[in-house]
Amino acid sequence: MSQTLEAVIDTEGKVQLLESIRLAEARRALVTILDDSPADDTTLELGYQQMALDEEREAEALEWAEATIGDVADEPR
């Protein structure tokens, strides 16, 4: 059965699906390049997905967020 999935291709040719898919085995795919650019929210979502895959960067972001919470708790009211 054929399926159509939305994806974004960056300027280096890397293809990023905008939703996850599970296949029982490897499949061939056809890629159609559309004339329009991805919507801003699509680009933002894609960026978040790519950042989440970077475990080192994700750990740094979590460390920074936790440190920020401490800063806010220490501020006078």
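- Taking Ile, Leu, Val, Met, Phe, Trp and Tyr as members and joining any whose side-chain heavy atoms lie under 4.5 Å apart, directly or through other members, L30 forms no hydrophobic cluster with any other residue.
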Side chains of residues 7-16: which donor-acceptor pairs under 3.5 Å do they make with residues two or more places apart or in other chains?
residue : atom : partner : partner atom : Å
D10     : OD1  : E12     : N            : 2.9
D10     : OD1  : G13     : N            : 3.0
D10     : OD1  : K14     : N            : 2.9

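- In this structure, L17 belongs to a hydrophobic cluster whose other members, linked by side-chain heavy atoms under 4.5 Å apart, are L5, I21, L23.
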